[in-house]
Amino acid sequence: MQRIGVFVCWCGTNIAGTVDVHAVAEALKLEPGVVFSTDYQYMCSQAGQQIISDAITEHKLTGIVVCSCSPRMHEATFRKTAEKAGLNPYMVEIANIREQCSWVHKEMPIGTEKAIMLAKAAVAKVSLNAPLIPGESPVTKRALVIGGGIAGIQTALDIADAGFPVDLVETKPTIGGKMAQLDKTFPTLDCAACILTPKMVDVAQHENIRIFSYSEVVEVGGFVGNFNVKIKKKARYVREELCTGCGLCTEKCPQKKVANEFNLGMDNRRAIYIPFAQAVPKVATIDAAHCTMLKSGKCGVCSKVCTAGAIDYKQQDEYIEETYGAIVAATGFNPIDMGAFDEYAYSKSPDVITSLEFERLTNAAGPTGGKLLRPSDGKHPQKIVFVQCVGSRCSEAGKGKEYCSKICCMYTAKHAMLTRDKYPDTDVYVFYIDVRTPGKNFDEFYRRAVEEYGVHYIKGMVGKIEPVGDKLKVQASDLLDNRQLKIDADLVVLAAAIEPDKSARSLATMLTASMDTNDFFTEAHPKLRPVESPTAGVFLSGTCQGPKDIPETVSQAGAAAAKVIGLLAKDRLTCNPCIAESDEMMCNGCSSCERVCPYGAIGYIDKEFRMPDRTVKIRRVAKVNAAVCQGCGCCTVTCPSGAMDLKGFANKQIMAEVDALCL
């Protein structure tokens with residue numbers, strides 16, 4: 001006979017403000033099997049847990065229902081309380097009367113009625129619950145970090161320093177990411193390369209880190225503690241173990257009119273190239289799309305001049321399979337495409353550039369050697385207009401992003417300040433919607449640009465930019481003075497919105513991780529679990545999770561590393577016992593469940609069945625690997641014969657909840 005206890009939480013006024021918690025507790029006393037029902041101000045508090053523990057002992061409860069907030073918040077807490085009191089933790093049910101009830105209703109009678117219904121459904125389910133015992137699975141003590149920008153670098157270093165092996169996968173020929181393309185960093189204005197390069201070198205020299213550059217993750221299977229990953233190492237046509245990075249091949253290659261991606265196409269590189277001087281690994285890469293030898297079999301100059309014999313035109317893509325205990329996504333960001341913003345003449349004039357292109361123009365290793373020159377004629381610009389929020393906070397469908405890109409206000413202030421510092425004769429105008437400077441010392445940094453460097457900040461939007469002769473006619477509004485402005489600029493810099501890297505969506509699919517509508521990875525909880533994905537064992541680092549600056553990125557990278565270290569430090573993990581099971585008598589071996597299982601947990605065996613006439617019939621039936629199954633339930637809804645069921649969420653339990661809601 002079931003003996004069920006019900007515990008209704010006030011959650012301060014979060015629940016009690018729109019739900020009569022005492023009435024809920026009284027109503028549940030009348031439900032079949034309920035022998036105890038009470039309410040308390042904070043059930044998750046130590047005192048509240050003691051009430052639950054004492055009731056389990058005193059009333060010999062076989063199951064409990066806690067009417068409180070989301071099970072994502074406190075289910076583990078209440079299960080531990082039940083277990084300490086001698087009750088199987090899987091005999092605990094949570095009725096979510098906060099997020100699903102009190103927070104969505106304003107009138108107490110309606111909220112109270114719904115809370116009672118939700119609680120009745122939970123009582124109906126727990127009455128059919130059965131004690132479950134979790135299993136265990138071993139942990140592979142190796143981590144995978146996907147993305148070689150500053151987020152991936154910092155995460156890999158922190159994990160490796162804790163003594164765990166790390167594989168760092170980067171799609172480009174070198175690690176470094178966007179930070180390697182910057183000149184200075186705010187708010188300290190220190191050299192980006194000066195603080196990034198030592199970390200890149202540390203990664204290359206660390207005994208616990210393997211770098212897979214010019215590589216990509218193509219397949220992910222398994223589960224937390226045991227992810228099976230296939231990595232595609234693309235052919236460089238240069239043998240990494242032999243290349244010394246001397247650069248002789250890059251100097252002698254006759255094909256020298258290939259757009260340089262690292263400088264955003266503002267100059268050219270050779271068909272064989274090293275992206276930048278501090279590249280890690282310092283290994284040349286042949287661009288197969290532009291190499292004459294690979295396309296026609298004619299040339300071979302790089303092979304002839306390479307004294308190390310590193311050139312290998314027959315090199316093929318290599319596939320590496322490895323098992324990891326944890327995976328960190330650090331895929332970074334890209335500026336949005338400016339093609340949708342014709343009003344700014346980005347596609348019409350080379351003198352309209354993005355902020356990242358401005359970084360390369362002012363960088364000593366950039367296409368102009370650090371001199372601020374107009375791309376059109378190589379002359380120094382006397383009047384520069386910076387346009388804020390290009391594509392950010394844009395509600396126009398299909399054009400920009402509705403969110404704030406967070407870093408634009410500060411890097412524009414940095415650009416304006418550095419320009420005025422190096423070229424005092426240059427007039428600098430910044431058009432903005434709002435100036436957002438929430439970081440430490442950020443507002444002081446912005447005020448320096450205005451007060452100390454004399455940058456003209458104008459609250460208003462640029463409506464149109466039109467190239468006329470060697471000038472850019474900028475039409476804009478000054479909202480504070482309520483006037484229209486026309487400025488003849490020599491150079492216009494657009495603060496382009498940032499968006500997740502294009503690889504993020506396909507990676508999220510492989511990892512079965514969640515994404516928001518903007519293709520940023522979704523964290524498990526925005527406050528309490530900000531660096532964890534809802535998928536166990538998958539962690540988030542840097543701008544793959546949302547726009548952020550370098551200090552915030554490094555902080556999150558360290559937090560993600562700490563979570564990974566905590567996971568890898570365990571020898572074994574407790575498995576979720578709420579897994580699928582197959583009723584062999586009902587299974588017809590159709591393979592529907594096997595095809596939809598995202599974890600590859602379902603296989604098939606030939607089973608002997610003794611028939612009434614004593615003959616033996618062999619049938620193909622589904623078999624669930626308990627160590628691999630994660631209890632997602634895909635198989636149960638797919639199975640046409642109803643043979644698949646989920647422990648803890650069996651069909652009869654779900655139907656009992658439905659019946660309780662309908663009665």
Query raised in the report: Is there a side chain to side chain donor-acceptor pair (under 3.5 Å) between Glu359 and Gln181 once you walk through the steps?
Result: CA-CA 7 Å; Glu359 289 278 356; Gln181 296 176 285; over 6 Å; no

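- Residues Val455 and Arg420 have side chains in contact (heavy-atom distance under 4.5 Å, counting atoms from C-beta outward).
- Using a 4.0 Å cut-off between charged side-chain N and carboxylate O, Arg142 and Asp167 make a salt bridge.
- For Lys548, the NZ atom counts as densely surrounded, since its 6.0 Å shell holds more than 12 non-hydrogen atoms of other residues, nucleotides or ligands.
- The shortest side-chain heavy-atom distance between Val220 and Asn228 does not fall under the 4.5 Å cut-off.
- At least one side-chain heavy atom of Leu372 sits under 4.5 Å from a side-chain heavy atom of Ile384.
- Looking at Arg270, its side chain does come within 3.5 Å of a backbone N or O of Cys253 through a donor-acceptor pair.
- A salt bridge links Lys233 to Glu240: at least one charged side-chain nitrogen sits closer than 4.0 Å to a carboxylate oxygen.
- Between Ile353 and Leu361, some side-chain heavy-atom pair lies under the 4.5 Å cut-off.
- Using a 4.0 Å cut-off between charged side-chain N and carboxylate O, Arg374 and Asp377 make a salt bridge.
- Atom CZ of Arg447 sits about 4.5 Å away from atom CG of Asp443, to the nearest 0.5 Å.
- When atom types are taken as modelled, the side chain of Glu170 and the backbone of Gly148 share a donor-acceptor pair closer than 3.5 angstrom.
- Annotation: the span from Ile487 atom CD1 to Tyr429 atom OH amounts to 5.5 Å, rounded to 0.5 Å.
- The pair Glu261-Arg269 meets the salt-bridge criterion, with a side-chain N (NZ, NE, NH1 or NH2) lying under 4.0 Å from an Asp/Glu carboxylate O.
- Residues satisfying the ring pair (Phe, Tyr, Trp, His ring centres under 6.0 Å) criterion with Phe262, sequence neighbours excluded, are Phe276.
- Of all heavy-atom pairs spanning Leu472 and Asp351, the tightest one is CD1-O, 3.6 Å.
- No side-chain heavy atom of Thr368 sits less than 4.5 Å from a side-chain heavy atom of Asn363.
- When the shell of 6.0 Å around CD of Glu207 is examined, it contains more than 12 heavy atoms from other residues, nucleotides or ligands.
- In this structure, Ile146 CD1 and Thr171 OG1 are separated by 11.0 Å, a value rounded to the nearest 0.5 Å.
- In this structure, Arg448 does not pair ionically with Glu444, as no charged nitrogen and carboxylate oxygen lie closer than 4.0 Å.
- Listed by first then second residue, pairs satisfying ring pair (Phe, Tyr, Trp, His ring centres under 6.0 Å) with a partner in residues 342-395 read Phe358-Phe386, Phe358-His415, His380-Tyr423, not counting sequence neighbours.
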Report task. Kindly indicate, with the supporting measurements, whether the criterion side chain to side chain donor-acceptor pair (under 3.5 Å) is fulfilled by Ser514 and Thr522. Result -> CA-CA 5 Å; Ser514 302; Thr522 302; 5.5 Å; no

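- Looking only at distances, a side-chain donor or acceptor of Asp516 sits under 3.5 Å from a matching main-chain atom of Asp519.
- Around NZ of Lys256, the count of heavy atoms belonging to other residues, nucleotides or ligands within 6.0 Å does not exceed 12.
- Side-chain atoms of Ser215 come within 3.5 Å of backbone atoms of Ser213 as a donor-acceptor pair (strictly under, hydrogens ignored).
- For Lys178 and Phe333, the positive end sits near the middle of the six-membered ring, less than 6.0 Å away and at most 45° from its axis.
- Look at Glu402 and Arg393 and you find no salt bridge, because none of the NZ, NE, NH1 or NH2 atoms lies under 4.0 Å from a carboxylate O.
- Using a 4.5 Å heavy-atom cutoff, the side chains of Asn260 and Met266 are not in contact.
- The OG1 atom of Thr437 sits 7.0 Å away from the CE atom of Met410 when rounded to the nearest 0.5 Å.
- Look at Lys459 and Asp434 and you find a salt bridge, because one of the NZ, NE, NH1 or NH2 atoms lies within 4.0 Å of a carboxylate O, short of that distance.
- In this structure, SG in Cys306 is found 13.5 Å from NZ in Lys252, a value given to the nearest 0.5 Å.
- When every heavy atom of Gly265 is checked against every heavy atom of Ala259, the shortest pair comes out as CA-CB, 4.4 Å.
- A donor-acceptor distance shorter than 3.5 angstrom exists from the side chain of Thr185 to the backbone of Asp190, with no hydrogens or angles considered.
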Query raised in the report: Please walk me through it: do Tyr273 and Thr285 pass side chain to side chain contact (heavy atoms under 4.5 Å, CB included)?
Result: CA-CA 6 Å; Tyr273 65 102; Thr285 302; 4.3 Å; yes

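- The shortest non-hydrogen separation linking Ile498 to Ile336 is C-CG2, 4.3 Å.
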Report task. Please test Val387 against Val493 for side chain to side chain contact (heavy atoms under 4.5 Å, CB included), starting from the C-alpha separation and ending with a verdict. Result -> CA-CA 6 Å; Val387 184; Val493 184; over 6 Å; no

Requested in this report: Verify side chain to side chain contact (heavy atoms under 4.5 Å, CB included) between Thr354 and Val390, making sure each step is shown before the conclusion.
Outcome: CA-CA 9 Å; Thr354 66; Val390 180; over 6 Å; no

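- Under a cut-off of 6.0 angstrom, the local environment of NZ in Lys379 is sparse, with at most 12 non-hydrogen atoms contributed by other residues, nucleotides or ligands.
- At least one donor-acceptor pair closer than 3.5 Å links the side chain of Gln315 to the backbone N or O of Arg236.
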Requested in this report: List the steps and the verdict of ring pair (Phe, Tyr, Trp, His ring centres under 6.0 Å) for Phe431 and Tyr457.
Outcome: CA-CA 6 Å; Phe431 286 90; Tyr457 268 78; over 10 Å; no

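- In this view, Lys471 and Asp490 satisfy the side chain to side chain donor-acceptor pair (under 3.5 Å) rule, not counting sequence neighbours.
- The backbone N or O of Lys184 lies less than 3.5 Å from a partner atom in the side chain of Lys414, making a donor-acceptor pair.
- The two residues Gly558 and Asp158 make their nearest non-hydrogen contact at CA-OD2, 3.4 Å.
- Residues Val218 and Val229 fail the side-chain proximity criterion, which asks for heavy atoms closer than 4.5 Å.
- In terms of modelled atom types and a separation under 3.5 Å, the side chain of Asp337 and the main chain of Gly339 share a donor-acceptor contact.
- A cation-pi arrangement is found for Lys234 relative to Tyr214, the charged atom lying closer than 6.0 Å to the ring centre and inside a 45° cone about the ring normal.
- Heavy atoms of other residues, nucleotides or ligands lying less than 6.0 angstrom from NZ of Lys422 number more than 12.
- Taking all atoms of both residues into account, the shortest heavy-atom contact from Phe445 to Met417 is O-CE, 3.3 Å.
- In plain terms, the two heavy atoms of Thr535 and Leu511 that are nearest each other are CG2-O, 3.5 Å.
- Taking CZ from Phe520 and OG1 from Thr331, the interatomic distance works out to 9.5 Å, rounded to the nearest 0.5 Å.
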**Report entry** Stepwise salt bridge (charged side-chain N to carboxylate O under 4.0 Å, His left out) check, Lys406 with Glu552
**Finding:** CA-CA 11 Å; Lys406 199 171 186 177; Glu552 192 178 353; 2.9 Å; yes

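- Of the possible polar contacts, none joining the Ser303 side chain to the Ile311 backbone as a donor-acceptor pair under 3.5 Å is found.
- Remark: side-chain polar atoms of Thr412 are not paired, donor with acceptor, to backbone N or O of Cys409 under 3.5 angstrom.
- Using a 4.5 Å heavy-atom cutoff, the side chains of Leu168 and Arg210 are not in contact.
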